[in-house]
Amino acid sequence: MSLVGARERWVRTGGIELCVAELGDDRQPTVVLVHGYPDSKEVWSEVAVRLADRFHVVLYDVRGHGRSSAPRPLRGGFTLEKLTDDFLAVVDAVSPDEPVHLVGHDWGSVQSWEFVTVARTEGRIASFTSMSGPSLDHFGHWIKRRMKRPTPRRIGQLLGQGAKSWYVYLLHTPVLPELAWRGPLGKRWPKILQRVEKVPAGDYPTPSLPSDAAHGTWLYRDNVRSRLGRPREDAYAHAPVQLVTPLGDAFLSERLYDELETWAPRLVRRTLPAKHWVPRTRPDQLAAWISEFATANEGRKAGTPAPEPVATGRYADRFGGQLVLVTGAGSGIGRATAFAFAEAGARVVAVDRDAEAAARTAEMSRLIGSPAAWAETVDVSDEQAMEKLADKVAAEYGVVDVLVNNAGIGLSGSFFDTTPEDWRKVLDVNLWGVIHGCRLFGKQMAERGQGGHIVNTASAAAYLPSKALPAYSTSKAAVLMLSECLRAELAGQDIGVSAICPGVVNTNITSTARFAGVDAAEEKRRQKKSARLYGLRNYPPEKVADAILRAVVRNEAVVPVTPEARGAHLMHRFAPRTLRAIARMEPPL
């Protein structure tokens, strides 16, 4: 996605002309996106267009990159002091009267840490979102502390980051990096990004890449050794900071940010299961986080405490901004799960065949912490409807990060009382609905190449035989085995699969379950009695939702939830004959 419709201007500073692009209404709060190495401003195009409906979005080519001119001579022309001059010139031109929300990636983040910690920019930055780029001052102090008081753990951290920084040493060698970038490396770089980082093919990187990368070597040569050796003592952030840490970053260790609260007391942490180039591979999630953080800090005076993030759930740092789709979200476990992800700051797609119930879930999700939540109406057993839903979600909301196949129906009755039509209904929803979800949304995850997670709601009935539940138990056993098979297949693509096996949970599935082989009056009586028994057990669906989030975080395979589900699972493994004896007992209905 290119910067179609962007307004362009040129800003002159210190003998350099900077190419600046703007999107959105300039009367809205301004977000400035600063690119890294060896990129140009186009690395932000996917994020920028997603922010442009709510913000005045500004991108500029750093000096020597893209269409901005390079300093002459190059040596000494890329110091952090001169990059700060450039930043101030840009914000004075695009937002002279109001502070801006600053966002940096890679070297864009490295230089943005300078902007947000020097006195001359105080009052010009309303918030700062950092990703994949530490402050060189903070990094220098991090190294010194580990050298001054070495322990095996600290030495391991130094060696680990030293190995990840191999490219920094190479970029300090004279001439060779420039020759490589203007030669074979520059030609192969787009394919390397696609293969290693799973960056989608398209209009990025731009044709200026070889010269951008050659010029950008001076970012390292002009700054790294001098700052790491003599880090500033006053490098404290004067604006709220949001730190986004990709967990699969090949170049930076998570441990670099262990003591960041010392330097940025108003800090919000986010973690992201992704690799380094997140502006290209995770634009939806980044746009959601940037929007949420900028909105929370809009109009606040420098020095006042940043507000708490809207998302206050236990796993807000893990799921904030992620796109989560839950089927059967209109009630029960599905609704509780949607709410749990919303409290963790996820963007929620609540899917149910009951349009009104789905809408209520989405509305409440927005109120309790979800930066965005949508309701979609679909019957999961309808293959064509599910295909349309998958296409719509991908086009309008993005690729799903977590899929929860939860929709299900209940059916009780003996095998010979269960008609072929009963079997079709149960299998269509309980099994085929899961298959459709895994096939369509799982395929999108796999094609994106950045991992994800699938949760399939099975049941303790999957491994607890009962003569009263042949159809229901069979459908859930199939879901359990499907999950195990899919987990094995998708493990190499960093997509986890979990089967959740609740036991007796107080939801409305009991009042809507069907009973084969009985008339309508008897079915109604059994539904009421079943609902009463489940109500007396009163195990809340919220505990199942907690188990689902925990399963995703821990990448658990099979998760029995209630005590009876855990007990039955142990018996299934170690005392199967006892379970078979229990299966012959008459149900209490």
Side-chain angles (χ1 to χ4, degrees), residues 198 247-248 271-275 281 315 318-319 322-328 333-334 337 340-341 344 346 349 351 380 386 390 393-394 399-408 427 429-464 472-503 544-562 565-566 568-570 572-574 576:
K198 307 300 182 184
L247 299 177
T271 57
L272 186 63
K275 297 185 179 181
T281 59
Y315 299 111
R318 171 64 170 79
F319 295 114
Q322 288 202 348
L323 185 62
V324 177
L325 186 143
V326 183
T327 67
I333 293 172
T337 300
F341 277 111
V349 182
V351 177
V380 297
M386 285 291 284
V393 169
V399 175
V400 169
D401 295 296
V402 180
L403 168 68
V404 183
N405 288 309
N406 171 75
L427 293 177
V429 176
N430 292 3
L431 177 57
W432 276 105
V434 174
I435 292 173
H436 295 325
C438 292
R439 181 176 63 86
L440 297 167
F441 294 102
K443 183 179 180 182
Q444 291 176 358
M445 288 183 194
E447 290 176 344
R448 179 179 61 182
Q450 291 291 322
H453 205 97
I454 297 171
V455 176
N456 295 326
T457 301
S459 170
Y463 47 77
L464 179 59
Y472 181 79
S473 296
T474 299
S475 69
K476 293 302 185 178
V479 169
L480 178 57
M481 183 51 69
L482 170 64
S483 302
E484 293 275 39
C485 294
L486 203 56
R487 181 179 176 87
E489 180 174 343
L490 298 179
Q493 300 181 61
D494 201 25
I495 298 174
V497 181
S498 300
I500 305 298
C501 300
V544 183
D546 290 341
I548 288 173
L549 270 68
R550 188 167 58 249
V552 177
V553 170
R554 299 178 181 177
N555 191 21
E556 296 174 324
V558 180
V559 184
V561 181
T562 63
R566 293 194 294 270
H569 191 245
L570 288 172
H572 169 71
R573 297 176 63 187
F574 302 112

Non-neighbouring partners of A478 that pass side-chain contact (heavy atoms from CB on, under 4.5 Å), sequence neighbours left out: L431

Working for side-chain contact (heavy atoms from CB on, under 4.5 Å), residues L490 and V497: CA-CA 8 Å; L490 298 179; V497 181; 4.2 Å; yes

Over all atoms of both residues, closest heavy-atom pair of A477 and A462: CB-O, 3.5 Å

4.5 Å side-chain heavy-atom contact, L464 and H572: no

Value rounded to 0.5 Å, distance of CD in Q493 from CE in M445: 11.5 Å

Pairwise distance CG(N456) to CD1(I500) - rounded to 0.5 angstrom: 9.0 Å

Taking every non-hydrogen atom, the tightest pair across V558 and E484: CG2-OE2, 3.5 Å

N/O donor-acceptor pair under 3.5 Å between K476 side chain and T457 backbone: yes

Sidechain-backbone polar pair: Q444 side chain, A394 backbone, donor-acceptor under 3.5 Å: no

Flag side-chain contact, heavy atom, 4.5 Å: Q322 against V402: yes

D401 bridged to R318 by N-O distance under 4.0 Å: no

R566 and H569, any side-chain heavy atoms less than 4.5 Å apart: no

Minimum heavy-atom distance G433-N405, with the two atoms named: O-OD1, 4.2 Å

Whether S498 side chain and E556 backbone form a donor-acceptor pair below 3.5 Å: yes

Sub-4.5 Å side-chain heavy-atom contact between V393 and L325: yes

For the student: nearest non-hydrogen atoms of C501 and A458, plus distance: SG-CB, 4.0 Å

NZ-OG1 distance between K275 and T281, expressed to the nearest 0.5 angstrom: 9.5 Å

CD1 on I435 to CG on N430, rounded to 0.5 Å: 11.0 Å

Any F319 side-chain heavy atom under 4.5 Å of V552 side chain: yes

Any L323 side-chain heavy atom under 4.5 Å of V399 side chain: no

Spacing of I454 atom CD1 and L403 atom CG [to the nearest 0.5 Å]: 5.5 Å

R487 side, atom CZ; N555 side, atom CG - distance, nearest 0.5 Å: 4.0 Å

Flag, side chain of R448 to backbone of G451, donor-acceptor distance under 3.5 Å: yes

Student check: side-chain heavy atoms of V349 and V400 closer than 4.5 Å: no

Which atom of G328 lies closest to which atom of A407, heavy atoms considered: N-CB, 3.7 Å

Over all atoms of both residues, closest heavy-atom pair of V544 and P502: CG1-CG, 4.0 Å

